[in-house]
**Student:** 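First the structure, then my questions, so here it is.
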Amino acid sequence: SASASVSDIESVFNTYYYAPEKIHNGYSAYLETKIQNDKITKETIKSNKQPQYIPYEKTFSDNPNFPDSYFYNLLFSEIDKISTYPDTISSIINNATKTISEYKNMGISDESYAIQYQRKAIAKYTHTSETIHLGLEYVRGWDILFSHQIDNVFIFILVITISVFSFLYENETGMNYILRVSYFGRNLTAIAKISSMLICIVFLVCIFTLENCFIIGIIIGFSNPNNAIQIIDVFRLCPTSLTIIEYFFVSIFIKISTYFLFSLLVIISGLLTKNTLYTYISGVSLYAINLLPKFIAQNNPDLFFKKINLLTASSVTPLFDNFKTVNLLGTAI
């Protein structure tokens, strides 16, 4: 949907920051005009006459598509998001405490996974609520960057392609025989190839990330990267104290680690099959296996592999959007 210019929107936020009374007075005048126009509407419906509405003031933008109400909605929605955050966290903690009490009344053991989960949630959200600070601003750019997942598919395809050829090339050309009789042939070659794979993955992730940053930065721009990640709607319930820029680098590290692990699995399948076609099929099958939990989890939202799989890890956001644990032999991890 169309949006007003960033300069106009940020001007409203800056005005509120330095002179909040000016915004409140303008909003009161807007509400008064709205009340009067609502009355006019009701009266004209009864009298069946053409309404003569009171014109609204145009304080923030000359563009007729963006009245003052548009800017008030943006500003006060951000204020509401920040002001209600402590209550949201308190509600989670209170519900967890109540749930523990109910479980105990039902005779569920203190050491059970269910109670461990609630206690860990209380500890996490208590720490987060005490350490983060949400700054009031027009948040832009970062939410689009972190939700953009199309590149992940291309990177997986490239990783499969590079991984297949990296270890099977010698087998296809007959160089394996030479490497086997060379004193340092196989070990040093393997280390060099794994290192080159890691370098390629780092390069791919950085290139795609920088491309997205460049496009979004030119078209929309980015807000303050030092604000808490919880200022972005999808991370509102994130139980970790991170700034936006910290999450940005954490997400890059997790992406690199995920693609590297995926690459190693493809390489292992290649060494076992020693066939280019079979290795391609193995790589695609491995990707499909990690895609499968998304469909299975529709009927089982607590499925372990929905939370822990390569596709989820490559997206990163699902790992941080809420508090999650896995049940490992009755222990909440």
Side-chain angles (χ1 to χ4, degrees), residues 1-14 16-17 60-61 63 65-66 70-82 84-85 88 128 132-158 201-259 291 294 310-322 324:
S1 59
S3 175
S5 69
V6 172
S7 59
D8 286 341
I9 296 173
E10 289 193 331
S11 175
V12 176
F13 279 78
N14 289 333
Y16 183 83
Y17 183 81
F60 306 121
S61 175
N63 191 327
N65 295 320
F66 301 106
Y70 170 86
F71 295 95
Y72 287 131
N73 287 335
L74 281 178
L75 173 63
F76 289 121
S77 65
E78 290 297 319
I79 294 173
D80 182 69
K81 185 194 302 182
I82 294 172
T84 59
Y85 180 76
T88 300
T128 302
I132 71 163
H133 171 73
L134 302 179
L136 177 62
E137 63 176 331
Y138 173 48
V139 181
R140 67 187 191 281
W142 298 110
D143 53 342
I144 298 175
L145 178 65
F146 295 145
S147 64
H148 186 73
Q149 307 297 342
I150 298 175
D151 292 346
N152 295 349
V153 179
F154 294 109
I155 296 177
F156 271 115
I157 293 172
L158 291 171
I201 289 169
V202 171
F203 178 77
L204 286 173
V205 172
C206 290
I207 285 296
F208 277 100
T209 301
L210 290 174
E211 176 198 21
N212 291 332
C213 288
F214 178 77
I215 294 172
I216 295 171
I218 292 295
I219 298 175
I220 303 173
F222 291 101
S223 54
N224 178 18
N226 294 313
N227 208 340
I229 191 67
Q230 286 81 0
I231 198 68
I232 300 174
D233 289 337
V234 71
F235 296 105
R236 182 170 175 82
L237 299 182
C238 174
T240 308
S241 298
L242 287 171
T243 62
I244 293 174
I245 194 63
E246 287 172 343
Y247 174 80
F248 174 77
F249 287 112
V250 167
S251 67
I252 291 176
F253 174 77
I254 292 177
K255 282 177 181 287
I256 291 171
S257 302
T258 301
Y259 294 127
L291 188 63
K294 289 190 175 183
L310 292 173
L311 263 65
T312 298
S314 68
S315 300
V316 185
T317 298
L319 301 177
F320 288 86
D321 62 359
N322 208 329
K324 295 179 177 69

**Student:** The test is side-chain contact (heavy atoms from CB on, under 4.5 Å); show your working for N226 and I245 and say whether it passes.
**Tutor:** CA-CA 6 Å; N226 294 313; I245 194 63; 3.9 Å; yes
**Student:** Taking all non-hydrogen atoms of both residues, which atom of I201 and which atom of I256 are closest, and how far apart?
**Tutor:**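 Heavy atoms of I201 and I256 come nearest at CG2-O, 3.9 Å.
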**Student:** S314 pairs by side chain to side chain contact (heavy atoms under 4.5 Å, CB included) with which of I254, N152, V205?
**Tutor:** N152
**Student:** Give me the atom names and distance for the closest heavy-atom approach of A313 to T258.
**Tutor:** CB-OG1, 3.3 Å
**Student:** Looking only at atom types and distance, does a side-chain atom of W142 sit under 3.5 Å from a main-chain N or O of F222, one as donor and one as acceptor?
**Tutor:**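 Checked: no pair found.
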**Student:** State, to 0.1 Å, how close Y16 and I79 come at their nearest heavy-atom pair, and which atoms those are.
**Tutor:**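 Heavy atoms only, the tightest pair is CZ-CD1, 3.5 Å.
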**Student:** Evaluate the criterion side-chain contact (heavy atoms from CB on, under 4.5 Å) for residue pair T84 and R236; output intermediate values, then yes/no.
**Tutor:** CA-CA 11 Å; T84 59; R236 182 170 175 82; 3.0 Å; yes
**Student:** Please check this pair: side chain of Q230 against backbone of S241, looking for a donor-acceptor N/O pair closer than 3.5 Å.
**Tutor:**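 Not a single qualifying donor-acceptor pair exists.
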**Student:** Does L74 form a side-chain contact (heavy atoms from CB on, under 4.5 Å) with V12? I'd like the steps, not just the answer.
**Tutor:** CA-CA 9 Å; L74 281 178; V12 176; over 6 Å; no
**Student:** Before you tell me yes or no, could you show the steps for D143 and D233 under side-chain contact (heavy atoms from CB on, under 4.5 Å), namely the whole-Å CA-CA distance, both residues' side-chain angles and the distance that decides it to 0.1 Å?
**Tutor:** CA-CA 8 Å; D143 53 342; D233 289 337; over 6 Å; no
**Student:** Would you compute the distance between atom OG of S11 and atom CD1 of I9 and round it to the nearest 0.5 angstrom?
**Tutor:**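 Going from the OG atom of S11 to the CD1 atom of I9 covers 10.5 Å.
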**Student:** Any donor-acceptor pair under 3.5 Å linking the side chain of S315 with the backbone of T317?
**Tutor:**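 The answer is no, because no donor-acceptor pair under 3.5 Å joins these two groups.
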**Student:** Heavy atoms only: give me the nearest C213-F248 pair and the separation to one decimal.
**Tutor:** SG-CE1, 3.9 Å
**Student:** From I132 CD1 over to I229 CD1, what is the distance, rounded to the nearest 0.5 angstrom?
**Tutor:** 10.5 Å
**Student:** How about F60 and F66: are their ring centroids closer than 6.0 Å?
**Tutor:** no
**Student:** Counting only heavy atoms from other residues, nucleotides and ligands, does the tally under 6.0 Å from CZ of F154 exceed 12?
**Tutor:**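 No - once you tally the heavy atoms of other residues, nucleotides and ligands closer than 6.0 Å, there are 12 at most.
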**Student:** Between I231 and K81, which heavy-atom pair has the shortest distance, and what is it?
**Tutor:**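 Where I231 meets K81 most closely, the heavy atoms are O-NZ, 3.0 Å.
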**Student:** Closer than 3.5 angstrom, by distance alone: can the side chain of D80 be matched with the main-chain N or O of F76 as a donor-acceptor pair?
**Tutor:** no
**Student:** Picking from I150, D151, I157, I155, what satisfies side chain to side chain contact (heavy atoms under 4.5 Å, CB included) with V153?
**Tutor:** I157
**Student:** Is the ring pair F146/Y247 parallel, tilted or perpendicular, if the boundaries are 30 and 60 degrees?
**Tutor:**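 Geometry flag for Y247 against F146: perpendicular rings.
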**Student:** Using modelled atom types and a 3.5 Å cut-off, is there a donor and acceptor pairing between side-chain atoms of E137 and backbone atoms of N224?
**Tutor:** yes
**Student:** E78 and L136: which non-hydrogen atoms are nearest, and at how many Å?
**Tutor:**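 Looks like CB-CD1, 3.7 Å.
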